K.L.:
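One structure, as structure tokens, below. Some questions next.
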2 protein chains.
Amino acid sequence: MRKFNDSLPLRLLKAREAAMAFFRPLLQEIPLTEQQWRVIRALNEFEELESKQLAELCCILSPSLTGIINRLEQQGYIKRRKSSEDQRRILISLTEKAKDMFARMSPLLEERYQEMTERFSSRDMKKLEELLNKLCDVKP
Amino acid sequence: MRKFNDSLPLRLLKAREAAMAFFRPLLQEIPLTEQQWRVIRALNEFEELESKQLAELCCILSPSLTGIINRLEQQGYIKRRKSSEDQRRILISLTEKAKDMFARMSPLLEERYQEMTERFSSRDMKKLEELLNKLCDVKP
DNA sequence: TTCATTTTATTAATATGTTAATGAATGTCT
DNA sequence: AGACATTCATTAACATATTAATAAAATGAA
């Protein structure tokens with residue numbers, strides 16, 4: 001069998017840890033978890049989203065998202081309203097507080113992203129992204 | 001700022017999910033979690049490991065590993081003993097039951113790995129692994 | 001040797017991941 | 001309209017992730 005360290009899932013996990021190491025310190029200062037930031041980032045781009053869309057975009061399962069949304073609401077970062085057509089659906093959007101925080105944080109995080117890209121090599125980063133996208137399309 | 005879906009950490013997360021989709025169904029039949037299998041796989045290769053080494057190898061933090069080890073012991077898959085030189089250290093190894101199970105499962109998982117590699121392209125897989133390894137070495 | 005420091009595993013507290021089950025709202029079909 | 005299935009969000013139950021704190025053992029310097 002393949003050696004333990006040659007496992008692709010393990011490599012993907014380690015690579016992700018290495019990448020997140022650039023951003024975690026900044027998020028911890030606020031403080032926000034990685035998942036909370038992912039949700040806020042998605043909402044900043046798409047304005048208002050249904051819970052289900054948000055879960056799909058952020059790669060977070062619905063039950064986890066329920067908790068994350070609750071905590072973000074407690075912290076005053078998001079607001080929710082019910083859809084008028086379909087009473088099951090919840091529509092979620094950022095508060096002003098969240099938008100301000102995002103505007104303050106995103107340049108700092110972008111800076112780190114550049115730093116990571118440079119240290120890794122801009123060309124390799126592009127190639128890596130291509131391959132990851134391709135891998136996402138491979139299904140059993 | 002970069003579009004939401006262009007984030008490298010998110011891509012790594014999605015790619016990992018795509019890869020794990022090949023293996024999850026098999027593990028669920030036993031049943032074993034992904035982390036439990038990672039621990040068993042490491043122990044199969046290294047015979048006996050200290051808790052700390054195991055955590056390092058499997059990319060699992062010590063507090064999580066404590067629970068995983070406890071549950072695996074409950075299920076009869078691992079045994080633990082104290083180091084004679086250093087009374088703090090715990091040495092962990094597989095039981096016969098675990099070795100048998102591993103011998104039965106690993107060919108099936110290896111089959112899936114081949115299937116994944118073929119669908120993805122063997123050359124691209126190699127390139128991807130290279131890039132992931134390189135990314136792991138990039139530090140803030 | 002003694003005291004302070006460091007290392008190791010664990011516990012505590014909280015957040016998230018994962019699958020199954022639930023309840024409410026909607027859709028479908030007759 | 002009424003019975004049935006489907007969809008969506010949530011809850012439940014358990015496993016893992018994460019940071020801080022702790023207790024015990026080992027180490028190192030005075």
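Note that the structure is a prediction, hence the values are computed from the model and not measured. All chains are named by letter (A, B, ...) in the order of the sequence lines, taking the proteins before the strands, and each is independently numbered beginning at 1.
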K.L.:
Pick one: which of B:K97, B:R80, B:R81 meets salt bridge (Lys or Arg N to Asp or Glu O under 4.0 Å) with B:E73?
P.N.:
B:R80
K.L.:
B:R89 CZ to C:dT8 P: how many Å, rounded?
P.N.:
5 Å
K.L.:
For a quick check, with a 4.0 angstrom heavy-atom cut-off, what is the B/S/- contact string for nucleotides 16-24 of chain D, read 5' to 3'?
P.N.:
SBBBB----
K.L.:
Just the rounded figure in Å: distance from P of D:dT10 to CD of A:Q87.
P.N.:
14 Å
K.L.:
What is the distance, to the nearest angstrom, from the CG atom on B:N70 to the P atom on D:dC14?
P.N.:
16 Å
K.L.:
Please say yes or no: joined through hydrophobic side-chain contacts below 4.5 Å, possibly via intermediate residues, are B:L61 and A:L27 part of one cluster?
P.N.:
no
K.L.:
Any salt bridge linking B:E34 with B:R38? Criterion: basic side-chain nitrogen under 4.0 Å from a carboxylate oxygen.
P.N.:
yes
K.L.:
How close or far is atom P of D:dA15 from atom OH of B:Y77, stated in whole angstroms?
P.N.:
14 Å
K.L.:
In whole angstroms, how far is the C1' atom of C:dT16 from the CG atom of B:L13?
P.N.:
12 Å
K.L.:
Measure CD/B:E50 against C1'/C:dA9 and give the value in whole Å, please.
P.N.:
11 Å
K.L.:
Do B:W37 and B:F102 have their ring centres less than 6.0 Å from each other?
P.N.:
yes
K.L.:
Give the rounded distance in Å between these two atoms: CD of B:E85 and P of C:dT7.
P.N.:
19 Å
K.L.:
Measure NZ/B:K82 against C1'/C:dT8 and give the value in whole Å, please.
P.N.:
11 Å
K.L.:
With a 4.0 Å cutoff (strictly under), does any side-chain N or O of A:T66 reach OP1 or OP2 of D:dT10?
P.N.:
yes
K.L.:
B:R16 pairs by side chain to side chain contact (heavy atoms under 4.5 Å, CB included) with which of A:L10, A:L13, A:L8, A:L132?
P.N.:
A:L13
K.L.:
Please determine whether the number of non-hydrogen atoms from other residues, nucleotides or ligands lying under 6.0 Å from atom NZ of A:K52 exceeds 12.
P.N.:
no
